[in-house]
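Heads up, the thing below is written out as structure tokens.
Atoms considered below: every heavy atom in the structure, side chains included; atoms not considered: hydrogens, waters and symmetry mates. Owing to the predicted nature of the structure, the values given are computational and were not obtained by experimental measurement.
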Amino acid sequence: MSGVTIQLAAPEDAKKLADISRRAFDSDIEFGASGKGGPPGYDSVEYHQKSIRDKSFDYLKILYDGKIVGGTSVFRITDVHYEIFNVFIDPECHRRGIGTRSFELIKSRYPQAKKWTLDTPVWNTRTKSYYERLGFTQYGIFRWVPT
């Protein structure tokens with residue numbers, strides 16, 4: 001899909017990214033979530049600003065025709081193993097191929113990566129089947145419980 005690009009997010013993008021993240025993760029209620037919510041800080045401008053400034057991983061913004069429509073983060077675990085986390089796309093932009101194209105762009109941005117991992121809530125039927133269509137295979141169930 002043309003029109004989709006990814007770039008490193010800048011601190012001035014945090015407000016827009018927090019708003020999109022909130023709407024995206026809150027929409028999971030339609031796909032098995034017990035209520036609105038997301039990963040820690042998902043709806044906080046301060047959290048997104050801090051994540052953008054954190055140099056231990058790359059916070060990428062996803063753009064469609066130059067407009068921010070989502071975001072994700074990429075963490076290098078080893079020289080050849082990378083983890084994708086906190087993937088979100090504006091619910092108004094779902095089912096347009098933007099997420100699929102963004103994963104292609106992420107993989108091409110990190111050609112040294114030979115292994116990619118990510119996680120998704122066990123209840124989320126939307127993301128589980130989506131990631132499987134992208135070629136990911138479930139290899140376990142992680143039961144994280146906040147303390």
Side-chain angles (χ1 to χ4, degrees), residues 1-77 80-139 142 144 146:
M1 155 172 278
S2 63
V4 178
T5 57
I6 58 171
Q7 298 174 4
L8 288 172
E12 59 269 18
D13 299 325
K15 184 174 182 342
K16 179 75 170 172
L17 288 163
D19 178 58
I20 295 169
S21 174
R22 178 190 50 77
R23 289 186 288 111
F25 284 107
D26 285 353
S27 75
D28 284 342
I29 197 166
E30 300 168 25
F31 297 91
S34 59
K36 291 184 177 182
Y42 80 108
D43 58 350
S44 161
V45 174
E46 294 77 19
Y47 172 83
H48 287 269
Q49 288 173 333
K50 181 181 175 191
S51 295
I52 290 166
R53 289 186 174 102
D54 189 333
K55 298 305 174 201
S56 67
F57 61 89
D58 291 341
Y59 189 136
L60 303 172
K61 59 185 174 183
I62 300 167
L63 301 105
Y64 180 65
D65 290 341
K67 177 183 169 190
I68 298 173
V69 296
T72 190
S73 296
V74 177
F75 181 77
R76 183 177 69 90
I77 294 175
V80 295
H81 179 191
Y82 284 67
E83 173 106 3
I84 298 172
F85 60 99
N86 291 350
V87 180
F88 60 93
I89 302 287
D90 191 324
E92 294 178 10
C93 297
H94 286 179
R95 307 187 82 60
R96 295 186 190 176
I98 294 169
T100 300
R101 179 66 181 137
S102 67
F103 269 86
E104 293 168 356
L105 293 169
I106 290 166
K107 286 180 177 180
S108 68
R109 183 180 179 98
Y110 304 92
Q112 68 278 19
K114 306 300 180 215
K115 177 181 180 180
W116 287 96
T117 52
L118 54 78
D119 63 35
T120 193
V122 69
W123 49 259
N124 197 323
T125 56
R126 172 178 54 178
T127 55
K128 182 179 182 307
S129 62
Y130 169 70
Y131 293 139
E132 287 171 348
R133 284 194 308 275
L134 291 176
F136 287 89
T137 302
Q138 181 176 331
Y139 68 91
F142 177 66
W144 178 80

Exercise. Under the side chain to side chain contact (heavy atoms under 4.5 Å, CB included) criterion, do Asp90 and Arg23 qualify, and how do the steps go?
Worked result: CA-CA 7 Å; Asp90 191 324; Arg23 289 186 288 111; 2.8 Å; yes
Problem set entry | Candidate pair Phe103 and Leu118, rule side chain to side chain contact (heavy atoms under 4.5 Å, CB included), full reasoning | CA-CA 12 Å; Phe103 269 86; Leu118 54 78; 4.0 Å; yes
Exercise. Roughly how far apart are Gln49 CD and Lys15 NZ, rounded to 0.5 Å?
Worked result: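 One gets 11.0 Å once the value is rounded to the nearest 0.5 Å.
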For this session: Name the orientation class of the two ring planes belonging to Tyr82 and Tyr110 (parallel below 30°, tilted from 30 to 60°, perpendicular beyond 60°).
Result: tilted
Exercise. Relative to the ring of Phe25, is the ring of Phe88 parallel (under 30°), tilted (30 to 60°) or perpendicular (over 60°)?
Worked result: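 Plane angle between 30° and 60°, so tilted.
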For this session: Test side chain to side chain contact (heavy atoms under 4.5 Å, CB included) on Ile77 and Thr117 and set out the steps.
Result: CA-CA 10 Å; Ile77 294 175; Thr117 52; 4.2 Å; yes
For this session: Check the surroundings of atom CD in Glu92: do more than 12 heavy atoms from other residues, nucleotides or ligands lie under 6.0 Å from it?
Result: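 No, CD of Glu92 has 12 or fewer neighbouring heavy atoms, counting only those of other groups under 6.0 Å.
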Problem set entry | Lys/Arg-Asp/Glu bridge criterion (N-O < 4.0 Å) met for Lys50, Asp54 |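 So Lys50 does not pair with Asp54 through a salt bridge.
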Exercise. Got a salt bridge between Lys107 and Glu104, using NZ or NE/NH1/NH2 to carboxylate O under 4.0 Å?
Worked result: no
For this session: Report the residue from Asp65, Ile98, Leu63, Val69 that forms a side chain to side chain contact (heavy atoms under 4.5 Å, CB included) with Val4.
Result: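 The passing option is Ile98.
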Exercise. Is the closest side-chain donor-acceptor distance between Asp13 and Tyr59 under 3.5 Å?
Worked result: no
For this session: Could you please spell out the steps behind the side chain to side chain contact (heavy atoms under 4.5 Å, CB included) verdict for Arg109 and Leu8?
Result: CA-CA 11 Å; Arg109 183 180 179 98; Leu8 288 172; 3.4 Å; yes
